[in-house]
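The structure under discussion appears below in the form of structure tokens.
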Amino acid sequence: MITNTQSIKLDSIGGEYGSLIAVEESQTVPFEIKRIYFIYDVAPNVRRGFHSHVNLWQALICVHGSVKVEISNPFEKEEVLLDAPSKALIIGPMVWREMFDFQPGSVLLVLASEHFDESDYIRNHELYLKMARSWYEDGM
Ligand code: T46
């Protein structure tokens, strides 16, 4: 995985009554969870994201359907397919992300390490590349 990202397999407890997945802060995911949100009703041709965070850690879990996530920095790029509720993608600071190819009906659940703060976003790609180059080259 590219720097500051991680792919995690969540344990699913299954049986004849269905399946259950539990996520615990600082255990299943490597941060305290201060906020959750979910993204849904996204048309198949829509691409979202187009930003990085300065400090935020998040876990992305597609609890229904599937979605692709492109994660990149000035030196690395990767595409991750979230197509099962047992797959979690951890994304840390200074990683550019774009979510696309939402299958109709998909629900993308996100667990976040901080409350919402627009000042933590870098939404301009040129500015991101400039900041990220020095951030990665200076050893974060
Ligand atoms: C991320 C990806 C995976 C809020 O008011 N509170 C919130 O907690 C969030 C997440 C968003 N908003 C507002 C900010 C915008 O006015 O909702 C609007 C849509 O947010 P945005 O365009 O940033 O949505 P995405 O799908 O591009 O990005 C979201 C998260 O914002 C971002 O942190 O990493 O999902």
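None of the values given here were measured: they were computed from a predicted structure. Both counts, for ligands and for their atoms, begin at 1 and track the order of listing.
Note that atom 15 (C) of ligand 1 has no protein non-hydrogen atoms nearby, at separations under 4.0 angstrom. Contact annotation for atom 18 (C) of ligand 1: protein absent (non-hydrogen atoms, distance under 4.0 Å).
Atom NE2 of His64 has 12 or fewer neighbouring heavy atoms from other residues, nucleotides or ligands inside a 6.0 Å radius.
Residue Glu118 places no N or O, backbone or side chain, under 3.5 Å from any N or O of ligand 1. Looking at Leu56 next to ligand 1, no N or O pair under 3.5 Å apart turns up.
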One pair to check against side chain to side chain contact (heavy atoms under 4.5 Å, CB included): Leu56 and Tyr121. What are the steps and the verdict? CA-CA 9 Å; Leu56 191 70; Tyr121 285 74; 5.9 Å; no
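When non-hydrogen atoms are compared, ligand 1 lies under 4.0 Å from neither the backbone nor the side chain of Phe50. For Ile39, every heavy-atom contact with ligand 1 shorter than 4.0 Å involves the side chain, none the backbone. Using a 4.0 Å cut-off between heavy atoms, Arg123 contacts ligand 1 through its side chain alone, with no backbone atom that close.
Counting the atoms of ligand 1 from 1 in the order shown, those under 4.0 Å from a heavy atom of Tyr121 are 10 (C), 23 (O), 30 (C), 31 (O), 32 (C), 33 (O). For ligand 1, the atoms sitting less than 4.0 Å from at least one non-hydrogen atom of Arg97 are 1 (C), 34 (O), numbered in the order shown with element in parentheses. Which parts of ligand 1 touch Met99 is read off a 4.0 Å heavy-atom cut-off, strictly below it: atoms 2 (C), 3 (C), 26 (O), 35 (O).
Look at Glu118 and Arg123 and you find a salt bridge, because one of the NZ, NE, NH1 or NH2 atoms lies within 4.0 Å of a carboxylate O, short of that distance.
Ranking protein heavy atoms by distance to atom 26 (O) of ligand 1, first place goes to Arg48 NE, 2.7 Å.
Scanning both residues, Ala112 and Gln58, for their nearest heavy atoms gives CB-OE1, 3.8 Å. The minimum heavy-atom distance between Ile2 and Thr5, with the atom names listed, is O-OG1, 2.7 Å.
The aromatic rings of Phe38 and Tyr40 are tilted relative to each other, their planes meeting at an angle between 30° and 60°.
Considering Leu10, Val63, Asp11 as possible partners of Ile21, the one that fulfils the side chain to side chain contact (heavy atoms under 4.5 Å, CB included) test is Leu10.
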